[in-house]
Amino acid sequence: MTDATIAAPAVSPDVEKRGLWRQFRAHPGGVAGLAVFLFIVVAVYAGPLIHTVEPNKIDIRAKNQGPSLAHPFGTDNLGHDMLAQVLAGGQISLAVGMTAMLLALLLGTLVGVLSGYFRRIDGLLMRLTDLFLALPLLPLLLVIIMLFRDTLRAAFGPETGIFILIVFVIGITSWMHTARIVRGDVLAVKSQEFILAAKSSGMREHRVVLKHILPNVMSSIMVSATLGIASAIITESALSFLGLGFPSDFPTWGRLLYDGANFLQITPSRVLWPGLAISLTVLSVNFIGDAIRDALDPRTLKR
C-alpha cells in the first residue's frame, strides 16, 4: 500500500487555499480585524519614517501639551512626543507578542502532539501541564523577573536582556492551553482510518506525525497563535504597568500607561493612545482568530 492510496487529496492545494480565503472573507469581523491589525503593524513600523521626531527627545518647553499639529498625540511631562513614543512602543510590544507567541506555540504543540500520540508519556506530560496551570502565574512572573533581571541586563544590555527575559517568562507560562487543545485534536485524528492505514503500510512514527497528524491539527494551532499574540501583549503590558518591564527610556505601550497614570488629570491623552493601541490590537487579533477557526472548520469547507 502506498502513501498515494492512503490519503489522496480531494481537491488541489490551490483550490483549497481559495476556499479558505473565501470563507475568511465571509467573516466580517475577521476582515475588519485583519485590516485594523495590518494598519497598526504598518503604522508602527512605517510611521517613524513619516513622523521623524525622536521618541526620547526631551523638550521641556513643550511639556504636558495637548494634541497639536506639531505633536498630534500631545506630549508628556518631559516634552516627549507621544505619537513618536506610541509608534516606538508598538514595535516593542508587537515584537514581544510575536516572539513569545512563537515560543509558547512551539512548546504547546510539542507537548500536545507527544501527549496525544504516545500514550505511554501522556500521563506525565498532562500532569506537567496541570502543574503549570495550577501555578499562580503573575506572582511567578514577578519572582522570575526579580531574580534574573539584573543578570540578563548585565549580560546582554538593559534593552536586549529585559526583552529576552520578558519573552521567556511569557512563553514558558502560556503554552498549557495550546498543549491541551492540540492533544485533544491529536487523540481524535489518530483514531481515523487513514492514520491506521499509514501505520499498516510501515510508515515510521515521525513521518505519520509530520505528514498526517500535524496538518490535521493545524487549524487549532493557528487559532492558538492568534490568541497567543493577544495574551502576550496583555501580559507584557501588565508587567510594564507594574514597573517590572522595560526601562523608562525604552517605551512600550504598557510602560506608557504606567508612566502616564500619575498625570491622568493633567494630560489624559497620555494613557488614551497607548490604551487604545493595546485594545485595538488585542480585539483585532481575536477577531482574526475567530475567522480563521471558522474558515478551517471542515463543516464550512464542504459547503
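These numbers come from a predicted model, not from an experiment. Computed from heavy atoms alone, side chains included, the values below leave out hydrogens, waters and symmetry copies.
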Intermediate values then yes/no, side-chain contact (heavy atoms from CB on, under 4.5 Å), Ile234 and Val282
CA-CA 8 Å; Ile234 291 176; Val282 172; 3.7 Å; yes
Run the numbers on Phe194 and Asn216 for side-chain contact (heavy atoms from CB on, under 4.5 Å), then give the verdict.
CA-CA 12 Å; Phe194 68 94; Asn216 284 279; 3.7 Å; yes
Stepwise side-chain contact (heavy atoms from CB on, under 4.5 Å) check, Leu106 with Leu102
CA-CA 6 Å; Leu106 178 63; Leu102 290 175; over 6 Å; no
Working note: Leu165 + Ile144, criterion side-chain contact (heavy atoms from CB on, under 4.5 Å); need CA distance, chi angles, decisive distance, verdict.
CA-CA 9 Å; Leu165 181 59; Ile144 294 176; 4.2 Å; yes
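No side-chain donor-acceptor contact under 3.5 Å links Lys57 to the backbone of Asp81. Side-chain atoms of Thr75 come within 3.5 Å of backbone N or O of Asn64 as a donor-acceptor pair. A donor-acceptor pair under 3.5 Å links the side-chain atoms of Ser279 to the main chain of Gly275, judged by distance alone. The main-chain N or O of Val36 is never found under 3.5 Å from a side-chain atom of Ser284 such that the two would form a donor-acceptor pair. Side chain of Ser68 to main chain of His71: a donor-acceptor pair is present (N/O by atom type, distance under 3.5 Å, no hydrogens or angles). Side chain of Ser191 to main chain of Ala188: a donor-acceptor pair is present (N/O by atom type, distance under 3.5 Å, no hydrogens or angles). Using a distance-only test at 3.5 Å, with no hydrogens or angles considered, a donor-acceptor pair links the side chain of Thr226 to the main chain of Val223.
No path of Ile, Leu, Val, Met, Phe, Trp and Tyr side chains, each step under 4.5 Å between heavy atoms, connects Leu283 with Val86, placing them in separate hydrophobic clusters. Hydrophobic clustering keeps Leu124 apart from Met126 (ILVMFWY residues linked when any side-chain heavy atoms are closer than 4.5 Å, directly or through intermediates). Both Leu264 and Leu256 sit in one connected hydrophobic cluster of ILVMFWY residues. Membership requires side-chain heavy atoms under 4.5 Å apart, directly or through other members. Ile181 and Phe118 are not part of a single hydrophobic cluster, where members link through side-chain heavy atoms under 4.5 Å apart. When hydrophobic clusters are built by joining Ile, Leu, Val, Met, Phe, Trp and Tyr residues whose side-chain heavy atoms come closer than 4.5 Å, directly or via intermediates, Tyr117 is not grouped with Leu187.
With a 6.0 Å radius and a threshold of 12 heavy atoms from other residues, nucleotides or ligands, Gln192 has its CD atom above the threshold. For Phe287, the CZ atom is loosely surrounded, since the number of other residues' heavy atoms within 6.0 Å does not exceed 12. The 12-atom threshold is not exceeded at NE2 of His177, counting heavy atoms of other residues, nucleotides or ligands nearer than 6.0 Å. Other residues, nucleotides and ligands place more than 12 heavy atoms under 6.0 Å from the OH atom of Tyr45.
Ser174 is listed as a side-chain neighbour of Ile170, based on a closest heavy-atom distance under 4.5 Å. Here the side chains of Val209 and Val113 are in contact, with some heavy-atom distance below 4.5 Å. Side-chain contact between Trp175 and Thr129 is present, with heavy atoms from C-beta onward closer than 4.5 Å. Put simply, the side chain of Asp130 reaches to within 4.5 Å of the side chain of Arg180, judged on heavy atoms. Counting heavy atoms from C-beta outward, Arg119 and Asp122 have side chains that approach closer than 4.5 Å.
Considering NZ of Lys63 and CD1 of Ile266, their distance stands at 9.0 Å, rounded to 0.5 Å. Thr281 OG1 to Phe39 CZ: the interatomic distance, rounded to the nearest 0.5 Å, is 11.0 Å. Residue Ile278 holds its CD1 atom at 10.5 Å from CG of Leu280, rounded to the nearest 0.5 Å. To the nearest 0.5 Å, atoms CG (Asn286) and CG (Asp290) are separated by 7.0 Å. A distance of 11.0 Å separates CG of Leu133 from OG1 of Thr173, quoted to the nearest 0.5 Å. Atoms OG1 and CG, on Thr109 and Leu114 in that order, are 10.5 Å from each other to the nearest 0.5 Å.
Here the closest non-hydrogen pair linking Asn77 and Arg270 is OD1-NH1, 2.9 Å. Across all their heavy atoms, Gln85 and Pro55 have their closest contact at NE2-O, 3.0 Å. Between Ser224 and Leu105 the shortest heavy-atom distance is CB-CD1, 4.0 Å. Contact detail for Leu94 and Val44: the closest heavy-atom pair is CD1-CG2, 3.6 Å. Across all their heavy atoms, Ala84 and His51 have their closest contact at N-CD2, 4.0 Å. Listed here is the closest heavy atom pair of Pro72 and Leu83: CG-CD2, 3.8 Å.
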